[in-house]
J.: 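One structure, as structure tokens, below. Some questions next.
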Number of protein chains: 2
Amino acid sequence: MADDLRERIRQGEYPPGAALPSEAHLVQAYGLGRTTVRRAIAALRADGAVVVRHGYPTRVPEPIEPEEITAESGSRVSTRMPTPDERAEFGMPDGVPMLVVTPPDGLPMAYPGHQYAVLIE
Amino acid sequence: MADDLRERIRQGEYPPGAALPSEAHLVQAYGLGRTTVRRAIAALRADGAVVVRHGYPTRVPEPIEPEEITAESGSRVSTRMPTPDERAEFGMPDGVPMLVVTPPDGLPMAYPGHQYAVLIE
DNA sequence: TATAATTTGTGCGTATGTATA
DNA sequence: TTATACATACGCACAAATTAT
């Protein structure tokens with residue numbers, strides 16, 4: 001079911017900004033239990049394909065134009081998932097990783113991956 | 001419960017390589033249902049705090065020493081979650097993002113984020 | 001301001017299947 | 001083979017957030 005929904009999103013049946021059918025509707029449409037439907041949605045959510053909010057229809061996110069950070073020569077760039085604190089601090093939805101930039105001399109700086117990209121000078 | 005486990009892992013009660021108690025034990029220890037226990041573990045799994053394998057105790061992953069890729073000047077580095085295909089192709093566990101390097105002229109290249117880091121020349 | 005309708009969140013229990021040791 | 005452990009799937013009930021009336 002998760003694969004099917006992913007495919008429908010990819011094909012434009014649910015374009016960015018559009019709401020998916022409610023869990024109750026999906027239960028009917030796929031003939032599955034709610035537990036199963038929720039697990040499929042959780043999978044989409046974990047890789048950022050949909051954004052889920054309590055009391056609100058589940059939606060396909062609008063793409064964000066990332067702001068560019070420049071990194072000096074000798075820096076190192078890596079990625080990891082955010083801690084719960086970081087998710088709260090930056091208001092990150094599920095399925096969004098962090099970009100970590102470590103300058104040659106200094107401390108690592110972490111940025112929300114959906115809002116920033118690193119440009120190499 | 002997820003926060004409690006995260007804290008115990010952070011404090012070294014379950015060091016890298018150690019197995020967590022089984023779902024059944026956690027059900028007893030926390031006095032919760034299995035559904036709830038599994039949901040908490042799913043949260044840890046989604047941010048890479050534990051690795052779950054069918055028929056095998058759930059473990060705290062050993063950190064991997066990332067290999068370094070060098071990127072030329074003018075490249076752009078961003079991050080996103082892998083597609084299901086990429087996860088399969090690179091054998092990536094849950095909770096591991098991709099590093100995407102786009103050279104000034106060419107096509108974006110994506111690398112599993114737990115195995116690679118980008119070094120800026 | 002209050003209420004209702006809709007939608008997702010949390011939690012319980014149970015049964016059966018499959019992978020690993 | 002057996003035991004252990006995780007996977008999948010169903011159902012039910014009630015809580016909480018959001019929006020519209």
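Naming: A, B, ... by sequence-line order, numbering from 1 per chain.
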J.: Strictly distance-based, threshold 3.5 Å: is any side-chain N or O of B:R76 a donor or acceptor partner for the main-chain N or O of A:L119?
T.: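 A pair under 3.5 Å: no.
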J.: Would you find a donor on one side and an acceptor on the other, under 3.5 Å apart, between the side chain of B:T79 and the backbone of B:L99?
T.: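 Not confirmed, B:T79 side chain does not pair with B:L99 backbone.
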J.: Report the base-pairing partner of D:dT1 (Watson-Crick or G-U wobble, both distances below 3.5 angstrom), or none.
T.: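 Checking every strand shown, D:dT1 finds no partner, since no pair has both distances under 3.5 Å.
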J.: What is the distance, to the nearest angstrom, from the CE atom on A:M1 to the C1' atom on D:dA9?
T.: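 Rounding to the nearest Å, CE of A:M1 and C1' of D:dA9 are 13 Å apart.
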J.: Hey, what do you get for OG1 (B:T36) to CE (B:M1), rounding to the nearest 0.5 Å?
T.: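 Answer rounded to 0.5 Å: 9.0 Å.
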J.: Determine: side-chain N/O of A:T58 to OP1/OP2 of C:dT8, distance under 4.0 Å, yes or no.
T.: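 Checking C:dT8 against A:T58, a side-chain N or O does come within under 4.0 Å of OP1 or OP2.
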J.: Pick base, sugar-phosphate or nothing for B:R45, based on heavy-atom distances below 4.0 Å to the nucleic acid.
T.: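 Counting heavy atoms under 4.0 Å across all strands, the contact made by B:R45 is with sugar-phosphate only.
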J.: Quick one: CZ on A:R6 to OG1 on B:T83, what's the gap to the nearest 0.5 Å?
T.: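 A:R6 CZ to B:T83 OG1: 8.5 Å, rounded to 0.5 Å.
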J.: Near DNA chain C, counting only heavy atoms under 4.0 Å, which residues of residues 25-42 of chain A show up?
T.: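 The stretch gives A:R34, A:R38 as the residues lying under 4.0 Å from the strand, ordered by number.
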J.: If Ile, Leu, Val, Met, Phe, Trp and Tyr residues are connected whenever their side-chain heavy atoms lie under 4.5 Å apart, and connections chain through other members, are B:I69 and A:V118 in the same group?
T.: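 B:I69 and A:V118: one cluster.
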J.: If hydrophobic clusters are built by linking Ile, Leu, Val, Met, Phe, Trp and Tyr wherever their side-chain heavy atoms come under 4.5 Å apart, do B:I120 and A:Y116 end up in the same one?
T.: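 B:I120 and A:Y116: one cluster.
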J.: Can you check the A:E23 CD to C:dA5 C1' distance for me, whole Å?
T.: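 Distance, rounded to whole Å: 16 Å.
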J.: For nucleotides 17-21 of chain D, tabulate all protein N/O to nucleotide N/O atom pairs closer than 3.5 Å, reporting atom names and distance.
T.:
| unit_1 | atom_1 | unit_2 | atom_2 | d |
| --- | --- | --- | --- | --- |
| D:dA17 | O4' | A:H54 | ND1 | 3.4 |
| D:dT18 | O4' | A:G55 | O | 3.3 |

J.: Are B:M92 and B:Y56 connected in the hydrophobic side-chain network, where two residues link if heavy atoms are under 4.5 Å apart?
T.: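 Not linked; separate clusters.
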J.: Please name the pair of heavy atoms, one in A:P93 and one in A:H114, separated by the smallest distance, quoted to 0.1 Å.
T.: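 Scanning both residues, the minimum pair turns out to be CD-NE2, 4.0 Å.
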